[in-house]
Amino acid sequence: MARKITYQQAINEALDQEMAKDKSVIIMGEDVAGGSGGDGEMDAWGGVLGVTKGLWGKYGDRVMDTPISEAGYVGAAVGAATAGLRPVCELMFIDFMGVCFDQIYNQAAKFRYMFGGKAETPIVIRTMYGAGFRAAAQHSQCLYNMFTAVPGLKVVIPSSPYDVKGLLIQAIRDNDPVIFCEHKVLYTLEGDVPEESYTIPFGEANIVKEGNDVTIVTVGRMVHQAIEAAATLAKEGVSCEVVDLRTTSPLDEETIIESVENTGRLVVVDESTPRCSIATDISAIVAQKAFGSLEAPIEMVTAPHTPVPFNGALEDQYVPSPGRIADAARIVMGYKV
Amino acid sequence: MARKITYQQAINEALDQEMAKDKSVIIMGEDVAGGSGGDGEMDAWGGVLGVTKGLWGKYGDRVMDTPISEAGYVGAAVGAATAGLRPVCELMFIDFMGVCFDQIYNQAAKFRYMFGGKAETPIVIRTMYGAGFRAAAQHSQCLYNMFTAVPGLKVVIPSSPYDVKGLLIQAIRDNDPVIFCEHKVLYTLEGDVPEESYTIPFGEANIVKEGNDVTIVTVGRMVHQAIEAAATLAKEGVSCEVVDLRTTSPLDEETIIESVENTGRLVVVDESTPRCSIATDISAIVAQKAFGSLEAPIEMVTAPHTPVPFNGALEDQYVPSPGRIADAARIVMGYKV
Amino acid sequence: MTANLSVEDLLDAYRTMKTIREFEDRVHVEFAKGGIPGFVHLYAGEEASATGVGMHLKETDKLASNHRGHGHCIAKGVEVKGMMAEIYGKKTGTCHGKGGSMHIADLDTGMMGANGIVGGGPPLACGAALAAKMKGTDGIAVVFCGDGASNQGTTFEAMNLATVWKLPVIFVFENNGYGEATPSNYAVSCEDIADRAVGFGMPGEIVDGHDFFAVHKAFAKAAERARAGEGPSLLEHKLDRFFGHFEGDNQNYRPKGEVKRLREEVCCLKRFGAEVTTNHGVDQAQLSAIDNEVAKLIDEAVAFAEKSPEPDLSALTTDVYINY
Amino acid sequence: MTANLSVEDLLDAYRTMKTIREFEDRVHVEFAKGGIPGFVHLYAGEEASATGVGMHLKETDKLASNHRGHGHCIAKGVEVKGMMAEIYGKKTGTCHGKGGSMHIADLDTGMMGANGIVGGGPPLACGAALAAKMKGTDGIAVVFCGDGASNQGTTFEAMNLATVWKLPVIFVFENNGYGEATPSNYAVSCEDIADRAVGFGMPGEIVDGHDFFAVHKAFAKAAERARAGEGPSLLEHKLDRFFGHFEGDNQNYRPKGEVKRLREEVCCLKRFGAEVTTNHGVDQAQLSAIDNEVAKLIDEAVAFAEKSPEPDLSALTTDVYINY
Ligand SMILES: Cc1ncc(C[n+]2csc(CCOP(=O)(O)OP(=O)(O)O)c2C)c(N)n1
Ligand SMILES: Cc1ncc(C[n+]2csc(CCOP(=O)(O)OP(=O)(O)O)c2C)c(N)n1
Ligand SMILES: [Mg+2]
Ligand SMILES: [Mg+2]
């Protein structure tokens, strides 16, 4: 159990174990092997960041390079899912959802309902999100809010190597379409990960730090910023409870509400832009369902309502920082009725 | 001023007046003329519901039928906008955004920022949204929440013939990309509309009914459901203030907050599905910025988190009704600390 | 290949075509009476296309359809009663009233779904073909697209992908001359849609879509190729629709008289009847018997649909993951 | 058409090609040193393509580019200093440091933007061509796409639209054999991308993209056609990239030795130099003078970029509509 591997290795291991276990699991995406049909190394890349590296060697044709046709291959994965396969599809950057969104929200997400319960569409779309790589406006977005908005989709945003493995295995076994959002900055994060296969259920938030004064609800990479902020605040005598949503759909309302009922104060931290976001979502639910417990306004810490800038200093300012989270917590702590 | 025309006629008139005034305004979309290149009537349709009917006759080649290639022609409109035209592009149903979203949110919306302020992209995308036509899951969605989430886009959702004309003219003259959402059920709605050209500024909500007990914030078709609910509630002695947002981006926070500061109670009504929506957006802003004035939890009245069902009775139950709005108002009125 | 069509096969073909025609003519009437809600796109006139294809499909083969899907459903073996009830939005419908005309699907019979999104189907069909290939069966998938859909990016991407992965999928373009009100010779940039096949590395063929035999023959070749693992094909069926784009269409974009003339001149049923009674030993009486049988079937389907119950209101939130 | 290239023209062409080469080689070096952030895709090896095209473009003509856009920018006349500063993310950059390598745009010179989305450019170029057509000018638009981008739905849709609307737009496919790590002969379903032209009703031509003269000549014809109102064309430039897909690419997918061999065997600069000194009355000394000039220009650009200030932090929320 003390084995430490990276977030990236944990993903690879989850894929490997599920492919070994279930022949209907296949992988497709741009360069998920890399080099198909060429004269160089066949399994040259394993995805643009090497996350699927080695799987082609083990599973051959079940790891399929695609043309740059996201709508085409995502749609093919959707069709294959209705016909008995369990495709894990890689959308290289979440920013590219705009060229294939229809196949996700109008097709995959709606089949079960629209067909009167007759369809199952067990597809996982793994995709990389978030800022921090100086990758500029079209390669740094979050956009998980748009998927969370879609009835019929499940949305997973793992924050640690342990979680990413367990949640990915769960996602592959789920019979609904799952959008699986991996933060590019987390790939190199190391953590304890059991070697054996395990699952983490959807819709169960993780209280990564207990506390009594302020609830900080967040997800993905921001969990780490929140923990850092909580550590700072602890020195000031403020006790924060940090809730990692793990999945934004299904959403673990219960844990959020219980925590706010205990602390009376809420800060929501979301790397995404501020409008119609996870931040507003959590705020709204609490303002409706835990209003009586609230002792202060709800603070949201998000990116500004702008595209992601290229320049490093601007990008660093763009992403919610532990400092800004701590400031928000100080505001709710200082609120006087 | 006492002239009554329909919402649909008001749109047509706005387009007509702007095309007459400014040669750079062009229209493109599927069947916006209808019949191009055939042996029948050339201007056969004027859009699938006849909204642009007659404009081809007046403006000829400036009204362009397109192939069924939304990404292609929306992208062409975007490119044309950066090159000096002011295209008004018709996306027949908002549900089709998934096949052309990239050109909207990654291209049009980001140019100005990403290019350091060097680009202007004056494009309007007119599109039909909403339930009520038994048009089922892929032709009845709202989805304006997804556009509202995008920095760089403006989102307009007019509720009346008067508004739709003034807001469309404003949209055409705006230098940013505008998503203009027309509710299919409203096209036949009649109302007073001045013959002369006029504009309604973005970001200024309209208080369609003043009141002191509950603020109902809403937009688009739901404005009418809210007014109906307010009338019912008035008989029960509950005075509702109904705020029509008119535009969700920019958002008139001031009017919302002032109203809630006065009434102390908020019901948000949104035809869209509940997650990461306009409903959560407004709720969150109020829970942060007008918390001290709130005397009750914020209630949201939305569609359920499901696709839109085909069956009429189910669809009628799907759409927020005056009855459900009134119930929500009664809940916030009945809240005891 | 046409050679091995027995009389029984021909009567089956006729029954399918006639069922589609009666179904559509009746939906047209019932829609006008106000009994049917929503958007309805009728397939009348194009029956030979679905039927000539459908006869080659096994239950395990897959079919992805479009908004004009009734004919494809019937040709793939979906129950007519359930379809009619679905179009009426009833609980007994194929999708329990939650889908409607544009979303009839019946995965058990290999019908992957009509589709409200033009170009929605081609990638899905590729996926079904991939599943067949991966499982090592000789299963195939077919997708029906209109001329309008031929210009949608998803369609092109799917064709490319089909060849890259050598998938057993067949792209059937039903070119009925119009995408809504816009003529295909305006919106399609090449002479014939079949011209596009070469750019996607697959064989392409123009087929007279009013001629059952031509459709049957061309598809036999494509299906054989697909089942043999040799990859996809493109077929362009030239044909006509007898009704408007949707029910309620004024059809002003059509030259005067076109609509009227079509039923006279290019009716696939008439043509089929003449051909089989003249050259294939089929009796007019046999066809008439089928006509009666089909008329009864459709009457029953309408009666069934009309008297079927509405879905329970609780169905609003079933068949989808919801947590609040 | 090659005939009317004066010595001055040829020296201009050489200057452009050399500027691109030096720019890219230097960015490669500076990136490795850690001075340049983000994703950078270098154009070295493909210079004849951008240059042969760019020489036909007026400032009012428009160019839509892709992620590998530095060469296109330079050929379209974007200032090298501003470009370098942009790549460094500096305030003095073409986009004030907010765009970076993948988003350099300079609408004043007709450069509509690099693009981070594969297939993002073709529809945009159609729009620019439409604007020229509507305004009644003889302006044209050109879009550069890779072989990988040739399979994107937007690209196909744009080609269809261009013919339907008879737009003065030219689709240049720079086929460098790979889309990232995936060979084009795997991902493109037909023999040559040029084979697709017929399916979109436009002429298509295969061009040796390492040969400036071939590029120049083929584009002259396409541009003439477009300016005359006769519609779009497709050109497939066969060429090679000398660096990896992006900086940091291990290039394992390439056969051993390929990278090394290319600079030896298919360098467009070498080939151009030999040709013009042998057959067009250009002096080696003239070329050397340009080499020196360019080396200095690039040195200055790097120095300028390095010493330029970062953008003000307040720039985070400018250049976009914000209301909170
Ligand atoms: C993406 C998308 N764009 C537009 C529409 C609206 N629409 C529905 S059917 C249709 C015409 C389709 O024409 P074609 O493919 O030729 O099929 P036909 O109706 O002729 O059978 C259009 C434009 C749609 N449903 N989806
Ligand atoms: C829609 C989209 N899909 C994938 C990518 C990732 N990506 C960037 S460049 C590239 C390869 C492009 O290949 P090609 O078009 O041949 O251009 P080249 O890099 O060879 O110049 C890919 C897959 C992207 N940026 N956008
Ligand atoms: Mg058609
Ligand atoms: Mg390439």
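By convention in this document, chain letters (A, B, ...) are assigned in the order of the sequence lines, proteins followed by strands, and residues within each chain are numbered from 1.
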Audit row: A:T66, A:E30, side chain to side chain donor-acceptor pair (under 3.5 Å) steps and yes/no: CA-CA 5 Å; A:T66 69; A:E30 289 155 20; 4.6 Å; no
Toward chain A, the part of [X] with a non-hydrogen atom under 4.5 Å:
X      : value
D:H96  : neither
D:N185 : side chain
D:I87  : backbone
D:D319 : neither
D:Y88  : backbone

Quick one: what part of A:E70 sits under 4.5 Å from any heavy atom of chain D, side chain, backbone, both or neither? both
Contacting moiety of A:A71, where chain D heavy atoms sit under 4.5 Å: neither
Test item: side-chain donor near acceptor, [X] and [Y], under 3.5 Å:
X      : Y      : value
A:T273 : A:H305 : no
A:D95  : A:Q138 : no
D:Y43  : D:E174 : yes
D:H70  : D:S101 : yes
D:H210 : D:D240 : yes

What residue in A:D39, A:D31, A:V308 has the most heavy-atom pairs under 4.5 Å with chain D? A:D31
Between A:A44, A:S36, A:A137, A:A33, which shows the greatest number of heavy-atom pairs under 4.5 Å with chain D? A:S36
Among the options [options], pick out the one with the most heavy-atom pairs lying under 4.5 Å from chain A.
options                : result
D:P183, D:A187, D:G89  : D:P183
D:V118, D:I117, D:V320 : D:I117
D:E180, D:R254, D:K256 : D:E180

Any chance the rings of A:F93 and A:F96 have centres within less than 6.0 Å? yes
Tell me, do D:K90 and D:P309 make a side-chain contact under 4.5 Å, heavy atoms counted? no
